[in-house]
2 protein chains.
Amino acid sequence: MDPVIDRAVTIGVEPVDPDPAAAPSTTRDRILDISLELFSTQGYDKTSLRQIAERLGYSKAAIYYHFASKEDILMALHLRLHEFGRDALRAVEDDDSSPALWAELLDQLIDQMLTHRALFILHERNQAAIEELHRERSDADHEDLQIRFRRALSNDAVPVETRVRMSCAFGAAMSGLVLAGDVFADVPSEELGRMLRDAVHALLGEPR
Amino acid sequence: MDPVIDRAVTIGVEPVDPDPAAAPSTTRDRILDISLELFSTQGYDKTSLRQIAERLGYSKAAIYYHFASKEDILMALHLRLHEFGRDALRAVEDDDSSPALWAELLDQLIDQMLTHRALFILHERNQAAIEELHRERSDADHEDLQIRFRRALSNDAVPVETRVRMSCAFGAAMSGLVLAGDVFADVPSEELGRMLRDAVHALLGEPR
DNA sequence: GTCTATATAGGGATAGAC
DNA sequence: GTCTATCCCTATATAGAC
């Protein structure tokens with residue numbers, strides 16, 4: 001039984017950061033944190049394992065004890081986000097994708113975005129790499145958030161005008177990630193969150 | 001005088017597609033079109049020159065006759081977008097970034113986005129690579145659109161609430177690119193454009 | 001649990017024949 | 001204007017010592 005295989009294969013979602021105040025203790029978590037930072041700033045493809053290893057203080061090969069591949073690191077980070085999104089997504093059910101529910105969903109998503117900004121930026125800036133992830137591994141029951149969002153926007157029971165509005169509301173909520181880099185960095189999170197929710201409701205509030 | 005160097009260095013913006021109906025005649029244009037397709041679907045980093053050469057029907061090295069590097073291909077595509085954006089950007093001046101002007105700017109941008117969808121998706125999905133482009137080459141007078149947008153959003157003369165709204169409006173206008181892949185593909189462009197403009201004006205129209 | 005050393009492949013890029 | 005052949009480098013990943 002090679003312990004390397006034993007651990008590396010285990011990339012399930014572990015409880016995310018039991019104590020956020022404490023610095024990451026385990027090597028595995030440190031790898032994830034360093035990777036998150038590098039991936040979200042330089043991009044996944046431009047970041048090499050050598051670079052991660054340098055920051056880690058260990059050798060490159062050490063990473064392979066904790067992760068079976070570079071992609072597995074990305075996958076672990078992706079699952080983190082997925083975990084946060086799952087709660088928010090419970091609200092929106094397949095048969096009822098009303099604007100009201102959508103607004104509720106976005107409210108929660110805005111909170112998640114503001115508290116886990118780096119994680120969202122990672123996804124925003126590395127869409128190609130993330131999609132590649134899904135293409136290769138039809139990962140059992142792990143159904144992607146993006147797919148479920150798209151399904152909601154495809155629901156023919158809802159008029160197109162409304163669905164476009166829903167899409168716009170999503171774009172508005174996430175707009176901080178795309179264009180504005182750190183433009184609104186010094187605006188307190190609560191305040192920014194309020195403004196974003198206002199915008200979302202301006203788009204979805206009165207269905208007309 | 002090596003003709004290779006002579007041409008490869010010339011990556012200026014040439015008149016984009018004089019006759020859109022005709023298939024691209026020059027090899028250079030074919031390279032750009034193939035690259036645009038591959039870059040925007042698979043991502044810039046995941047696309048190799050070998051792959052482009054295959055589709056082209058030529059050998060890998062042939063590409064180097066037309067472009068000095070892989071990055072130069074991306075740069076040429078980036079300049080295409082830049083050209084389209086320049087017109088729209090003439091409206092928004094540095095000293096006056098009012099919501100009204102911003103709305104006007106977005107109206108034009110929505111049109112550009114709908115007619116040059118692939119080009120926008122390329123930028124949306126390869127932000128990391130594009131930024132790398134700017135980091136290396138401080139390309140003379142070529143000032144990036146993104147930077148100018150950010151400057152407008154940083155203008156302290158405008159209250160934060162308004163600026164966040166402007167950011168949201170931008171996100172709403174571009175929302176089709178991010179989440180929805182081809183969800184609204186069968187909605188006619190004019191109709192979709194109208195809906196998007198509606199959303200933008202809902203966010204910026206009545207300042208409160 | 002971490003390291004060294006190494007294998008292997010694929011990438012971008014060059015030189016020069018045709 | 002296009003192609004072949006080749007170089008060189010860096011990246012991921014493996015084997016196995018400590």
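A note on names: the letters A, B, ... follow the listed sequences, proteins ahead of strands, and every chain is numbered from 1.
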### Message
With a 4.0 Å limit, can you tell me whether B:Thr27 has a side-chain N or O closer than that to the phosphate oxygens OP1/OP2 of D:dG1?
### Response
no

### Task
Quick one: list whatever passes salt bridge (Lys or Arg N to Asp or Glu O under 4.0 Å) with A:Glu191, sequence neighbours left out.
none

### Query
Salt bridge or not for A:Glu132 and A:Arg135, using N-O below 4.0 Å?
yes

#### Entry: Phosphate contact (D:dC3 OP1 or OP2) by B:Tyr58 side-chain N/O below 4.0 Å
no

### Message
Does the Lys NZ or Arg CZ of A:Lys46 fall within the cation-pi geometry relative to A:Phe39 - under 6.0 Å from the ring centre and within 45° of the axis?
### Response
no

### Summary
Between OH of B:Tyr64 and P of C:dA13 the distance, given in whole Å, is 4 Å

### Summary
Those residues at least two apart in sequence (or on a different chain) that pass side-chain hydrogen bond (donor to acceptor under 3.5 Å, both in side chains) with B:Arg50 are B:Glu54

### Query
Taking CD1 from A:Ile63 and P from D:dA15, how many angstroms apart are they, rounded to a whole number?
18 Å

### Query
Does the distance from a Lys or Arg side-chain N to an Asp or Glu carboxylate O, for A:Asp45 and A:Lys70, drop under 4.0 Å?
no

### Query
Counting only side-chain N and O atoms of A:His66, is one of them less than 4.0 Å from OP1 or OP2 of C:dG1?
no

### Nucleotide D:dC18, atom C1' - distance to OH of A:Tyr65 in whole Å
15 Å

### Task
Whole angstrom is fine here: how far is it from CD1 in A:Ile31 over to C1' in C:dG1?
11 Å

### Query
Does any non-hydrogen side-chain atom of A:Thr41 lie less than 4.5 Å from one of A:Thr47?
no

### Query
Once you round it to whole Å, what is the distance between P of D:dA11 and CD1 of A:Ile52?
11 Å

### Query
Taking all non-hydrogen atoms of both residues, which atom of B:Ala172 and which atom of B:Leu196 are closest, and how far apart?
O-CD2, 3.9 Å

### Query
Rounding to a whole Å, what distance do you find between B:Leu56:CG and D:dG1:P?
14 Å

### Query
Roughly, in whole Å, what's the span from OH in B:Tyr44 to C1' in C:dG11?
11 Å

### Query
Between A:Glu71 (CD) and D:dA11 (P), how many Å, whole number?
17 Å

Nucleotide N/O of nucleotides 4-10 of chain C paired with protein N/O under 3.5 Å:
none

